[in-house]
Participant: 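Following this message is one structure expressed as C-alpha cells.
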Protein chains: 2
Amino acid sequence: MKTSLKDIAEELRLSKTTVSWVLSGRGNERGISQATQDRVKQCARRMNYQPNLLARSLNTGVSSTIGLILPSISDSFYSQVAREVEMEAERHGYSLMICSSESEGERENRMIRMFRAKQVDGIILAPTKISKTEIRQLVDDAFPLVVFDRYFSELKTHYIIIDNEQSSYRLVSHLIERGARRIAIVTTNPHLTTMDQRRAGYARALTEAGLPVDPDLYGEAAFVGYEENVFRALDRIFAKAPDVDGFFFTTHILALEAFRYFHGRRIDINDGYGLACIHEVPAMSVLAPAMNVARMPVGEIGRNAVRMLLGDIRNRGGLSRSADREFESLVLPCELCFRD
Amino acid sequence: MKTSLKDIAEELRLSKTTVSWVLSGRGNERGISQATQDRVKQCARRMNYQPNLLARSLNTGVSSTIGLILPSISDSFYSQVAREVEMEAERHGYSLMICSSESEGERENRMIRMFRAKQVDGIILAPTKISKTEIRQLVDDAFPLVVFDRYFSELKTHYIIIDNEQSSYRLVSHLIERGARRIAIVTTNPHLTTMDQRRAGYARALTEAGLPVDPDLYGEAAFVGYEENVFRALDRIFAKAPDVDGFFFTTHILALEAFRYFHGRRIDINDGYGLACIHEVPAMSVLAPAMNVARMPVGEIGRNAVRMLLGDIRNRGGLSRSADREFESLVLPCELCFRD
DNA sequence: CTGAAAGCGCTTACAG
DNA sequence: CTGAAAGCGCTTACAG
C-alpha cells in the first residue's frame with residue numbers, strides 16, 4: 001500500500017496537520033518541536049512516504065506542470081526547443097506535459113482542452129494556425145500562454161518568433177555579394193506568416209540589389225508529400241531558369257530534400273551555386289560546406305518562453321482578464337554563419 | 001471563474017450526483033430522465049464546464065497519464081519513439097509527461113520519483129544504466145513499467161530492445177560479402193549492453209568469415225565530447241591500419257561525425273569503402289548513398305511499449321507483487337537496407 | 001507546541 | 001428517478 005499523511009499521523013499518534021507542516025519543511029516556522037519533527041521525518045522515510053501531488057494540486061490550485069504543444073515532436077527544431085523548455089522548466093520546479101498537434105487544428109484544440117482539464121498552470125504553443133478556437137478561449141480566459149514560432153497579429157498573447165524577414169534578407173544579400181544574380185527560393189506553406197516573412201526578406205534583398213523577383217525562380221513545395229513536391233519545384237526552376245546560380249531554402253527539411261534531388265540529378269551543388277538556408281542540422285556542414293545558414297536560437301526561445309509563462313502564472317488573478325495586461329513580443333535574431 | 005459540478009448543480013437545483021452521472025455519460029444507465037439530462041448538458045455547455053481531471057484522478061486513483069523518460073529528447077531516435085508513444089497513448093486515452101534524463105543517473109531517479117508523486121499510471125523508460133535505485137523500487141512496488149533500448153538482465157521488467165547482435169552481424173557480413181576484409185568498428189560507451197551486443201555481432205561476422213578481430217580496427221569514442229573523440233579514433237585507425245576498407249558505425253551520431261572527419265581529411269568515403277550503420281537519418285542517403293543501414297523499428301517500439309504498459313496497468317492490484325508475474329521481453333528486428 | 005475541521009472538485013456506494 | 005454523504009490525500013485558516 002501507498003502510505004499517506006494519515007498513515008504517518010496514526011502511526012505517530014499525531015495530527016495530519018502536524019505531519020503536513022513538518023514534511024512541507026515549515027516545521028520550524030510553525031514552531032514544532034525538534035523531537036516531533038525528527039520522529040515525523042524518520043517515520044516518513046521508513047514508510048517510504050511520497051506525497052500525492054495530485055491531492056496537493058487540487059488543494060492549492062497549482063499543478064507545477066506546464067503543457068507544451070508542438071506541431072511535431074520528432075522535428076529537430078521542435079525537439080530541440082522541447083529540450084530547452086524542459087531544462088528551464090525543471091530549474092523552476094515545473095514539469096512538462098508534451099503533445100504533438102501534428103499540424104492539425106482539431107488535434108491542437110483537443111490538446112489544449114486536455115491540458116486545461118489536467119490543470120496545467122500554463123501552455124507553451126507553436127500553433128498550427130489552422131483553427132484557433134481554443135487559443136482564443138485561452139486568451140479570453142487570461143490563461144497563461146506563450147506562443148512561439150508563429151503568432152497571431154489579431155490575438156493578444158506573448159509571443160516569440162525569430163527575425164524571419166531580416167535573417168532571410170541578410171542570407172540572400174550575402175549570396176548576392178558573393179556574385180549570385182539568379183537566386184531561387186524554395187519554400188513551403190506560404191500562408192504561414194513565418195514563411196511569408198522569409199519570402200519577403202528574400203524579395204527585399206533582391207529588390208535592393210536591383211535584381212528582379214522572378215516567378216520562374218520561385219519554388220513551392222506543399223508540406224504534405226513534400227518529397228515529390230520539392231523535386232517537382234526544382235525541376236520546374238531548372239527548366240524555366242537554367243541560369244539559376246543560387247538557392248535559398250526557407251527550412252532545413254526543404255534543403256535536405258533538395259540535396260537528395262541534386263544528388264539524384266547528378267548536380268554538384270557545391271560548385272557554382274550560392275546556398276543559404278534557415279535552420280541548421282548536423283549533416284549540413286558535410287553535405288554542403290559552403291551553405292550559409294541562419295541558426296535558430298533554440299536556447300533563447302525555450303528559456304524565454306518559460307520565463308514569460310512563469311511571469312504570467314505568478315500574476316494570475318492579479319491582472320487577470322483586464323484589458324491593459326502587458327504582452328511581450330520577442331523577435332529573436334538568428335545567428336548567421338557565412339561559409340563561402 | 002471556473003465552473004464546477006457544484007455550480008451546475010446549484011444553478012439547476014439538482015444534486016452534484018445527478019450532474020456527475022449525466023456528464024460522465026452514464027445518465028441512461030442510471031435512469032435519469034431525458035429532460036434532466038438535456039438541462040444538465042445544456043447548462044454545462046452554457047457555463048463552459050470543463051471537468052477537473054485532477055479531482056477525478058484523486059478520486060479514482062487513475063490519472064490516465066503515462067510518464068516517458070528519455071536520455072535525450074532532442075536525439076532523433078528518441079524523439080521518434082516519443083512521437084509513436086504519444087500517438088499510441090492518445091489512441092487509448094492517455095496523455096504523456098516527458099522528461100529527459102540527460103543520461104544522468106541521479107536525474108533519472110528524480111524524474112521517476114516526480115512521476116510517481118504526480119501519480120502517472122505507468123512509466124516507459126530508456127534507462128541510463130548508471131544508477132538504478134529508483135528503477136529497482138519500481139520493480140519492488142510492481143509499478144507498471146516498460147524499459148526499452150537498454151535493459152537489466154538482473155531486473156524483472158518488461159523490456160523492448162532491438163536485435164543488436166543480429167543486425168550488426170548481418171550488416172558486417174554484408175560488407176564482407178561485398179569484398180571488405182579490414183572492417184573497422186566505430187562505437188561508444190562499451191559498458192552499455194546495447195553497444196556490447198553490436199560489437200559482438202561485428203566480431204561474430206568477422207570470425208565466421210575467418211577474419212581476425214583486430215584491435216587496430218577498433219575505434220571507441222566516449223559520449224562526452226564525442227566530436228573530438230571520433231576524430232581521434234579514426235586517426236588512430238588510419239594510422240595503425242592504413243589498409244582499412246570498411247566501417248561499421250554503431251550509431252547514427254558516430255556516422256555523421258565520421259562524415260565530418262572524412263570530409264575534413266579529404267577522404268572520399270564513397271569510393272572503396274564498405275559502409276554500415278545502425279539507425280538511419282534522412283541526410284545519410286545523400287552523404288553516403290552506399291551506406292548499408294539497419295533501421296530502428298521506432299513504430300514497433302513505441303506501440304509495443306504502450307501496449308505492454310497498458311496491460312500492466314489494467315492488471316494492477318490483481319497480480320501486483322506476486323513473484324509469478326509474467327514479463328514480456330521483445331527483441332525487435334531492424335529492417336536492413338543493403339545499398340551497395 | 002499541537003489539533004479539529006473545512007475544503008479543493010470529483011465519484012460512487014447506498015438509500016429511498 | 002434523484003439525493004445525502006463519505007472519501008480520495010492533501011493544505012491551511014483558526015483555535016487553544
Side-chain angles (χ1 to χ4, degrees), chain A residues 1-41 43-44 47-65 116-121 316-317, chain B residues 1-41 43-44 47-65 116-121 316-317:
Chain A
M1 252 315 284
K2 286 216 62 182
T3 56
S4 68
L5 274 191
K6 197 174 145 204
D7 299 325
I8 298 179
E10 284 173 355
E11 177 84 4
L12 259 32
R13 303 181 154 282
L14 287 167
S15 74
K16 289 190 302 174
T17 310
T18 305
V19 178
S20 175
W21 286 122
V22 174
L23 261 24
S24 61
R26 291 193 281 175
N28 292 328
E29 180 185 325
R30 291 286 304 180
I32 293 171
S33 73
Q34 201 53 53
T36 307
Q37 290 201 41
D38 290 345
R39 285 172 63 216
V40 170
K41 282 178 185 159
C43 182
M47 299 177 80
N48 195 22
Y49 172 73
Q50 298 288 103
N52 182 329
L53 261 27
L54 248 40
R56 177 181 295 169
S57 297
L58 179 59
N59 183 288
T60 60
V62 169
S63 66
S64 297
T65 302
R116 298 190 71 171
K118 294 215 169 173
Q119 310 301 115
V120 301
D121 293 335
R316 261 226 108 172
Chain B
M1 253 316 281
K2 286 216 62 182
T3 56
S4 69
L5 274 191
K6 197 173 147 208
D7 299 325
I8 298 179
E10 284 174 356
E11 176 85 4
L12 260 32
R13 306 185 149 276
L14 287 167
S15 73
K16 288 191 303 174
T17 311
T18 305
V19 177
S20 175
W21 286 121
V22 174
L23 260 24
S24 60
R26 292 193 279 175
N28 291 327
E29 180 185 322
R30 292 284 306 180
I32 293 171
S33 72
Q34 201 53 50
T36 307
Q37 291 201 40
D38 290 346
R39 284 172 64 216
V40 170
K41 282 179 185 158
C43 183
M47 300 178 80
N48 196 21
Y49 171 74
Q50 297 289 104
N52 181 329
L53 261 28
L54 250 40
R56 177 182 295 169
S57 296
L58 180 58
N59 183 287
T60 59
V62 168
S63 67
S64 297
T65 302
R116 297 190 72 171
K118 293 216 171 177
Q119 311 301 116
V120 301
D121 294 335
R316 262 225 108 172

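If you're wondering where the values come from, they're calculated on a predicted model, not measured in any experiment.
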Participant: In whole Å, I'd like the distance from the CZ atom of Arg56(A) to the C1' atom of dC10(C).
Facilitator: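 Rounding to the nearest Å, CZ of Arg56(A) and C1' of dC10(C) are 20 Å apart.
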
Participant: As a test of your reading of the structure, name each stem of DNA chain C as range with range, where a stem is three or more consecutive Watson-Crick or G-U pairs at under 3.5 Å.
Facilitator: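 So far as stems of 3 or more pairs are concerned, DNA chain C shows C:1-3 with D:14-16, C:5-12 with D:5-12, C:14-16 with D:1-3.
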
Participant: Is a side-chain donor or acceptor of Asp38(B) paired with a backbone partner of Ala35(B) at a separation under 3.5 angstrom?
Facilitator: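 Checking the backbone N and O of Ala35(B) against the side chain of Asp38(B), no donor-acceptor pair under 3.5 Å is found.
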
Participant: Any idea which of dA4(D), dG9(D), dC10(C) is nearest the Ala55(B) side chain?
Facilitator: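 Shortest atom-to-atom distance from the side chain points to dC10(C).
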
Participant: Which value, in whole Å, describes the distance between the C1' atoms of nucleotides dT2(D) and dT11(C)?
Facilitator: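 That atom pair is separated by 16 Å.
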
Participant: Of the options dG3(C), dT11(C), dT2(D), whose atoms approach the side-chain atoms of Leu5(B) most closely?
Facilitator: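 The answer is dT11(C), which lies nearest to the side chain.
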
Participant: Rounded to the nearest 0.5 Å, what's the gap from OG on Ser33(B) to CZ on Arg39(B)? Could you check?
Facilitator: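 CZ of Arg39(B) is found 8.5 Å from OG of Ser33(B).
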
Participant: Would you call Lys41(B) and Val22(B) a side-chain contact if the rule is heavy atoms closer than 4.5 Å?
Facilitator: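 Yes, close enough: below the 4.5 Å cut-off.
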
Participant: Go nucleotide by nucleotide along DNA chain D from the 5' end; which of Thr18(B) and Leu58(B) gets its closest nucleotide reached first?
Facilitator: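 Taking each residue's closest nucleotide, the earlier one in sequence belongs to Thr18(B).
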
Participant: In whole Å, what is the span from the NZ atom of Lys118(A) to the P atom of dC10(C)?
Facilitator: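 The answer, rounded to whole Å, is 15 Å.
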
Participant: With side chains defined as the heavy atoms from C-beta onward, is the minimum distance between Asp121(A) and Val62(A) less than 4.5 Å?
Facilitator: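 A side-chain contact under 4.5 Å exists here.
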
Participant: So which protein nitrogen or oxygen atoms get under 3.5 Å of nucleotides 12-16 of chain D's nitrogens or oxygens?
Facilitator:
from, atom 1, to, atom 2, distance (Å)
dT12(D), OP2, Arg26(A), NH2, 2.4
dT12(D), O4, Thr17(A), OG1, 3.3
dC14(D), N4, Arg30(A), NH2, 3.2

Participant: Does the side chain of Leu23(B) come within less than 4.5 Å of Ile8(B)'s, by heavy atoms?
Facilitator: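 A side-chain contact under 4.5 Å exists here.
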
Participant: dG3(C) P sits how many Å from Leu12(A) CG, rounded?
Facilitator: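 Whole-Å distance recorded here is 10 Å.
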
Participant: Starting at CZ of Arg13(A) and ending at P of dT2(C), how long is that distance when rounded to a whole Å?
Facilitator: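 These atoms are roughly 16 Å apart.
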
Participant: Check whether any side-chain heavy atom of Ser63(A) lies under 4.5 Å from a side-chain heavy atom of Lys118(A), and answer yes or no.
Facilitator: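 No. Closest side-chain heavy atoms not under 4.5 Å.
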
Participant: Have a look at Leu14(A) and say if it touches a base, only the backbone sugar-phosphate, or nothing, with a 4.0 Å heavy-atom cut-off.
Facilitator: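 It contacts sugar-phosphate atoms only.
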
Participant: Do the non-hydrogen side-chain atoms of Gln37(B) and Asn28(B) ever get within less than 4.5 Å of each other?
Facilitator: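 Yes, close enough: below the 4.5 Å cut-off.
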
Participant: In this structure, how many angstroms lie between the P atom of dC10(D) and the NZ atom of Lys6(A), rounded?
Facilitator: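 Taking NZ of Lys6(A) and P of dC10(D), I get 11 Å after rounding.
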
Participant: Tell me if a side-chain donor or acceptor on Ser20(B) pairs with a main-chain N or O of Lys16(B) at a distance below 3.5 Å.
Facilitator: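 No, the answer is negative, given that no donor and acceptor are paired below the 3.5 Å cut-off.
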
Participant: Could you state the atom-to-atom distance from CD of Gln119(A) to P of dG9(C) in whole Å?
Facilitator: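 In whole Å, dG9(C) P and Gln119(A) CD are 9 Å from each other.
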
Participant: Compare all side-chain heavy atoms of Arg56(A) with those of Pro51(A) and state whether any distance is below 4.5 angstrom.
Facilitator: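 Yes; the side chains approach each other to less than 4.5 Å.
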
Participant: Which residues satisfy the salt bridge (Lys or Arg N to Asp or Glu O under 4.0 Å) test with Arg116(B), sequence neighbours excluded?
Facilitator: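 Scan of Arg116(B) (salt bridge (Lys or Arg N to Asp or Glu O under 4.0 Å), adjacent residues dropped) gives Asp141(B).
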
Participant: What's the closest nucleotide to the side chain of Thr36(A) if the choices are dT2(C), dC10(C), dT11(D)?
Facilitator: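 It is dT2(C).
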
Participant: Considering just the side-chain nitrogens and oxygens of Ser4(A), establish if one lies under 4.0 Å of OP1 or OP2 belonging to dG9(D).
Facilitator: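 Answer is no, no contact under 4.0 Å.
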
Participant: Tell me the interatomic distance from Ile8(A), atom CD1, to dG9(D), atom C1', rounded to whole angstroms.
Facilitator: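 Atom CD1 in Ile8(A) sits about 12 Å away from atom C1' in dG9(D).
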
Participant: When the distance from CZ of Arg116(A) to C1' of dG9(C) is rounded to whole Å, what number comes out?
Facilitator: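 From Arg116(A) CZ to dG9(C) C1': 16 Å.
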
